[in-house]
Visitor: 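I am attaching a structure below and will ask some questions about it afterwards.
Each chain gets a letter, A, B and so on, in the order its sequence line appears, and its residues count up from 1.
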Amino acid sequence: MTDLKTTNWNRADDAVVESAIRRGATRRELLQMLLAGGVAMSAGGVIVGRATKAIAATPVSGGHLKAAGFTSSTADTLDPAKASNSTDYSRCSAVYNRLSNLDKSGAVEMELAESIESTDGKVWTVKLRKGVTFHDGKQLTSADVIFSLKRHLDPKVGSKVNAIAKQMTGFKAVDDLTLEITLADANADLPTILALQHFMIVADGTADFSKGNGTGPFVLENFEPGVRSLMRRNDHYWKSKGPFVDSFEFFAISDDSSRVNALLSGDVHVAAAINPRSERLVEGRPGFVLSKSSANSYTNLNLRLDTTPGQNSDFVAGMKHLVNREQILRAALRGRGEIGNDQPIFPGNPYRNDDLKPKPYDPEKAKFYFNKAGVLGQSIPVIASEAANSAIDMAMIVQAAGAEIGMKLDVQRVPSDGYWDKYWLKAPIHFGNINYRPTPDILFSLLYASGAPWNESHYKSDKFDKMLIEARGSLDQEKRKAIYNEMQVMIADEAGTIIPAYLTGIDAITDKLKGMETNPLGGMMGYRMAEHVWFES
Amino acid sequence: MNKEVLSLVLSRLLIALITLVIVSFAVFTATSLLPGDTASILLGQAATPEAVAGLRKAMHLDDPAFVRFIYWMGGLLSGDLGTSYANNMPVADLISGRFANSMKLAGITALFAVPIALTLGITAAMVRGSLYDRAVTVFTIGVISVPEFMIATLAVMFFAVYLQWLPAISFTNEVHTITDIVRVYAMPVITLTFGVSAQMIRMTRAAVVETLNTPYAEMALLKGASRSRIVLKHALPNALGPIVNAIALSLSYLLGGVIIVETIFNYPGIAKLMVDAVATRDLPLIQSCAMIFCVGYLILITTADIVAILANPRLR
């Protein structure tokens, strides 16, 4: 590979190409990527050849997979309803399955369900796979599914998806492997909703979740909340393929450089969600690769529309022009992401309105609007915290832009401890941080409908609410897409949420680990990596 | 033991007990003042008002503070530490393993740090002003000035990443043989030893130097006692009080102050447990950890005081 030395090609680019090939990129697309990277054709051929070889390798069984996440506490749980972070998701995905799941492109695939169908979007029939057993040997039946879904409605359970589950108003077991779910209003997205981490299926009547009795690829051996969990391969797994590793150990190393050091010293095979500084440390080293996920979260600036100064629409318009998106992406996020256009649908989602252009950075225009609003010369507080990724860096960039046109933004840095309770949704101007959600309906009902629990800018529009319900019940794809497109324009123009960029996560892994793909549900292959990866023999 | 000594010792114990009661009250009040509560933090970003209210009720969080304090005190006195809010496990179960880990780490560190510190401190005092003494002084000041995370990170970079001799993280559940113990504990213990022994060396040296300057030490010298006899027989018993106090203070740090070492080596000890508990507002767990730290601190300090009283030649 000596001919590579003359280019600026590095291991990260390798990973991009590899993942592009896995996604099914054509040769022409690849060559475009290579050209963009400044790689000569001859070198390009070598890379493509190498990357193709890497994915052509057949999975090998065996090995003990050790992965380090980034957050863990005594609140760690095996109850899918309560799962709240990457550590919980990784552990739960290893022992449980869902009815449906999302593939690497974000499309729905069936898992425990053979089909999830409806004629009117209101009454859904779920047919379950035959012959699926729990780790304790019990057969999967419709009673288990009904129990698992119903739990989310009980406030005592403390489910994270209580608000989403509420629309499921009726459950009926038709026979052992068939059930009916009735919704309060028609919702065409139910198969996607059921792919959320929290809707994993547990056995009927489960009260003690510490055993992790599921239908998943791994059987729980040991689980210490806040310390680690250990699982071994489920030899009776119902899928014909995988898992390939014999055992899977997951724990969190919260300190970023410790996590990377553990990877470099060979103590772990995966270091999840590393920061840009550590990225360089891994990049320069043989034996390690970076695995990028799709853009799956964003940090946004929220201007409440129901209080000063956000009440004044000219102020909001001014702020939207004061945000230098390119600079934020380049400096605050170090290029790890994509420019945002002030609406919450993530890049790559089929419903995203790609024609909607982001507001250009235009200090003069911003100054004009601020003048009109009469806020120039006033000091306006902006609450920022490390709780929202890169929020402090973003705040500094906006503040500096404001200072140039005489707009004084007073950035107040507050502790991340208690931020979501005390400041988020409450302060007149503050930062938020939203993770990937698979459907526009979930994002809009959660964030922008008049009664939305997390209406960050307190946006209210009857028209928007009506369109939301109309699109939700419509099984006509073209019509839904048109409505959602218009709703995105409304959010970008009318709401007080500025979304400068969508963030990409990066996991660092040893290059002996194969089969790692991206998934829109999150890093580490949507937290399902253990089921799919294998060690090079 | 004469009457005077006995009454001094008893009064020390009584003071410790009163302190403990005051501390328990302070711990409860302080934790109750933490912003946000478990229900909303457990539900995180997904919290809706009804969900929070439901969970709060299920967890008895809406009882008045006074009632909760009485329950807590009652539980503590009967040996029941309560149930964790975050995961419904008994607090005692959560703490026991982690506490044992912390004690192991503290114990092994003390095993190395105390003898090293005493030897270096006393010998440096004996040859005060010599090259050896100056070397020790420079070394200890150097070590005190370097923050722990720096020492730990450098150790990891060198021994784990470059040489690959030792693991970058310390997992106690992989300890089966003596070699494992060395591999797992080497780096945390080295880091901690650096931090705590530097303090002890300086205090020991100072205490011995001071007693060597007293008239009775001079008298012993005039009577022709050997250098080591002066130090061991005449100076040390009088310097023991401050030395034991310095040791106690340094060791008490090992219980709660090792959070940085626990974080960098991912060592599952009690300090990290408490930090987790604060993040989830898991009050029973925070309170129990805080009480353990206070009790540990009080035991060490009280022991040091009593040793100082017993060792004081004037009270014999």
Visitor: Relative to chain B, which of A:Asn261, A:Leu446, A:Leu264 shows the most heavy atom pairs under 4.5 Å?
Guide: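 The residue among A:Asn261, A:Leu446, A:Leu264 with the greatest pair count is A:Asn261.
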
Visitor: Using a strict threshold of under 4.0 Å (side-chain N to carboxylate O), is an ion pair present between A:Arg91 and A:Asp88?
Guide: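 The answer is yes: the pair qualifies as a salt bridge.
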
Visitor: Check each atom of B:Leu285 against the heavy atoms of chain A and say whether the ones under 4.5 Å are side chain, backbone, both or neither.
Guide: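 Only the side chain of B:Leu285 comes within 4.5 Å of chain A.
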
Visitor: Report which part of A:Ser72 has an atom under 4.5 Å of a heavy atom belonging to chain B: side chain, backbone, both, or neither.
Guide: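 Only the backbone of A:Ser72 comes within 4.5 Å of chain B.
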
Visitor: Hey, are the side chains of A:Trp420 and A:Asn433 touching, using non-hydrogen atoms and a 4.5 Å cut-off?
Guide: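 They are in side-chain contact.
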
Visitor: Which bit of B:Tyr162 comes within less than 4.5 Å of chain A, counting heavy atoms only: side chain, backbone, both or neither?
Guide: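 Side chain only.
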
Visitor: Tell me, side chain or backbone of A:Ala68 under 4.5 Å from chain B's heavy atoms, or both, or neither?
Guide: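 Interface part for A:Ala68: neither.
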
Visitor: For the residue pair B:Cys289 and B:Ile270, establish whether any side-chain heavy-atom pair is separated by less than 4.5 Å.
Guide: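 The answer is yes, as the side chains (C-beta and beyond) meet within the 4.5 Å cut-off.
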
Visitor: Is a side-chain donor or acceptor of A:Arg228 paired with a backbone partner of A:Phe251 at a separation under 3.5 angstrom?
Guide: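 Judged by distance alone, no pair lies under 3.5 Å.
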
Visitor: If the threshold is 4.0 Å, N to carboxylate O, is there a salt bridge linking A:Arg259 and A:Asp256?
Guide: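 Looking at A:Arg259 and A:Asp256, the cut-off is met.
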
Visitor: Using heavy-atom distances under 4.5 Å, tell me whether A:Thr77 contacts chain B through its side chain, its backbone, both, or neither.
Guide: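 Contact with chain B: none, neither part.
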
Visitor: Is there a side-chain contact between A:Phe346 and A:Tyr298 (heavy atoms, below 4.5 Å)?
Guide: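 Answer yes - side chains close enough.
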
Visitor: Output the option from B:Ile264, B:Val275, B:Val156 having the highest count of non-hydrogen pairs under 4.5 Å with chain A.
Guide: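 So the answer, after comparing B:Ile264, B:Val275, B:Val156, is B:Ile264.
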
Visitor: Report the option among A:Gly226, A:Ser416, A:Ser210, A:Ala252 that has the most heavy-atom pairs separated by less than 4.5 Å from atoms of chain B.
Guide: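 Highest number of heavy-atom pairs under 4.5 Å: A:Ala252.
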
Visitor: Does A:His152 reach the main-chain N or O of A:Leu149 with its side chain, forming a donor-acceptor pair under 3.5 Å?
Guide: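 Looks like no, no N/O pair under 3.5 Å.
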
Visitor: Could you tell me which portion of B:Val161 (side chain, backbone, both or neither) has an atom closer than 4.5 angstrom to a non-hydrogen atom of chain A?
Guide: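 B:Val161 touches chain A through backbone and side-chain heavy atoms alike.
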
Visitor: So A:Asp76 and A:Val227, do their side chains get closer than 4.5 Å, heavy atoms only?
Guide: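 Contact flag for A:Val227/A:Asp76 side chains = no.
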
Visitor: Below 4.5 Å from any heavy atom of chain B, which atoms of A:Phe209 appear? Answer side chain, backbone, both or neither.
Guide: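 Contact with chain B: none, neither part.
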
Visitor: Give, as side chain, backbone, both or neither, the part of B:Pro167 having an atom under 4.5 angstrom from any heavy atom of chain A.
Guide: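 For B:Pro167, backbone and side chain are both near chain A.
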
